[in-house]
Amino acid sequence: QVHLMESGGGLVQPGGSLRLSCTPSETIFSFNVMAWYRQAPGNQRELVARRLRFGSPDYADSVKGRFAISVDNAQNTLYLQMNSLKPEDTAVYYCNAFRTSTSEDYWGRGTQVTVSS
């Protein structure tokens, strides 16, 4: 099974920044889509940012201009840079990887991001 190892969550003040990391057990190049989702208490899990293997990244409207998804191929790591954090960004953030060839969808265990208010 593919495993996604997440890190970087924590407690920050409004306006602060965090960078989340996700390192898959297999090469990122083998996935068609890498993405970050989040889920706050009482809410559905929502897509935050998505990166296609070939294509431009896209973002939820609520994070456009504040978050950036990127890949370090040498480290085989997916990042989510989060700036200008707001209390409403508080959630568990999940790394996601998808292969269209096998319709396999993989999830990390989640990392907690808390923006104090």
Side-chain angles (χ1 to χ4, degrees):
Q1 283 285 105
V2 171
H3 294 95
L4 306 176
M5 293 161 282
E6 302 149 321
S7 63
L11 173 66
V12 297
Q13 296 181 357
S17 298
L18 284 174
R19 188 177 72 166
L20 306 183
S21 300
C22 172
T23 302
S25 57
E26 299 180 12
T27 178
I28 286 176
F29 185 76
S30 70
F31 301 103
N32 298 93
V33 183
M34 297 290 296
W36 289 96
Y37 287 73
R38 68 185 181 188
Q39 186 168 18
N43 292 352
Q44 291 185 309
R45 188 171 298 186
E46 66 172 338
L47 176 66
V48 176
R50 180 177 63 183
R51 172 197 176 273
L52 304 179
R53 187 164 61 188
F54 302 105
S56 300
D58 57 274
Y59 302 91
D61 289 340
S62 59
V63 307
K64 285 181 178 178
R66 300 189 296 120
F67 290 11
I69 189 171
S70 63
V71 169
D72 185 329
N73 289 315
Q75 299 297 318
N76 195 48
T77 298
L78 177 77
Y79 297 103
L80 183 67
Q81 178 66 48
M82 305 186 295
N83 299 322
S84 301
L85 283 162
K86 305 174 181 179
E88 49 263 45
D89 295 317
T90 295
V92 177
Y93 285 71
Y94 298 91
C95 183
N96 170 259
F98 182 73
R99 285 194 181 112
T100 57
S101 60
T102 59
S103 296
E104 291 178 318
D105 199 16
Y106 303 99
W107 294 91
R109 301 182 72 86
T111 183
Q112 177 71 48
V113 172
T114 301
V115 185
S116 65
S117 62

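Note: hydrogens, waters and symmetry copies are ignored here, and every other heavy atom, side chains too, is used. Predicted model, so just to flag it, every value in this text is computed and none were measured.
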Backbone of A68 reached by a side-chain donor or acceptor of Y79 within 3.5 Å
no
How long is the span from the CG atom in L80 to the CZ atom in R51, to the nearest 0.5 Å?
13.5 Å
Would you say that more than 12 heavy atoms from the other residues, nucleotides or ligands in this model lie under 6.0 Å from the CZ of R109, or not?
no
So how far is it from E6 CD to N96 CG, rounded to the nearest 0.5 Å?
10.0 Å
Test side-chain hydrogen bond (donor to acceptor under 3.5 Å, both in side chains) on Q39 and Y37; report intermediate values, then the result.
CA-CA 7 Å; Q39 186 168 18; Y37 287 73; over 6 Å; no
What is the ring orientation for F29 with F54, classed by angle as parallel under 30°, tilted 30 to 60°, or perpendicular over 60°?
perpendicular
Evaluate the side-chain proximity of Y94 to L4: yes if any heavy-atom separation is below 4.5 Å, no if none is.
no
Straight-line distance of I69 CD1 to D58 CG, nearest 0.5 Å
8.5 Å
When every non-hydrogen atom of M5 is compared with those of S25, the smallest separation belongs to CE-N, 4.5 Å
Could you go through E104 and T102, starting from their C-alpha distance and side-chain angles, then the distance that decides it, and tell me whether this counts as side-chain hydrogen bond (donor to acceptor under 3.5 Å, both in side chains)?
CA-CA 5 Å; E104 291 178 318; T102 59; 2.8 Å; yes
Under a 4.5 Å cut-off applied to non-hydrogen side-chain atoms, are S116 and P14 in contact?
yes
For the residue pair T114 and T90, confirm or rule out a side-chain donor-acceptor distance under 3.5 Å.
no
Stepwise, does the side chain to side chain contact (heavy atoms under 4.5 Å, CB included) test hold for V12 with S17?
CA-CA 7 Å; V12 297; S17 298; over 6 Å; no
Are Y93 and V33 connected in a single hydrophobic cluster, I mean Ile/Leu/Val/Met/Phe/Trp/Tyr linked by side-chain heavy atoms less than 4.5 Å apart?
no
Backbone N or O of L78 within a donor-acceptor pair of the D72 side chain at under 3.5 Å?
no
I'd like to know if F98 and M34 are part of one continuous hydrophobic network [Ile/Leu/Val/Met/Phe/Trp/Tyr, side-chain heavy atoms within less than 4.5 Å].
no
Does one hydrophobic cluster hold both I28 and V2, with members joined at side-chain heavy-atom distances below 4.5 Å?
yes
Say whether, by atom type as modelled, one donor and one acceptor occur between the side chain of N76 and the main chain of E26 under 3.5 angstrom.
yes
Nearest heavy-atom approach of S117 to P87 is CB-CG, 3.8 Å
Would you say W107 and L20 are hydrophobically clustered, going by side-chain heavy atoms of ILVMFWY under 4.5 Å?
no
Suppose the criterion is salt bridge (charged side-chain N to carboxylate O under 4.0 Å, His left out): which pairs have a residue in residues 88-98, not counting sequence neighbours?
R38-D89, R66-D89
Nearest 0.5 angstrom please: L18 CG to Q81 CD, how far?
8.5 Å
Transitively linked via ILVMFWY side-chain contacts under 4.5 Å: L47 with V92?
yes
Interatomic spacing from CZ in F31 to CG in D105 - rounded to 0.5 Å
10.0 Å
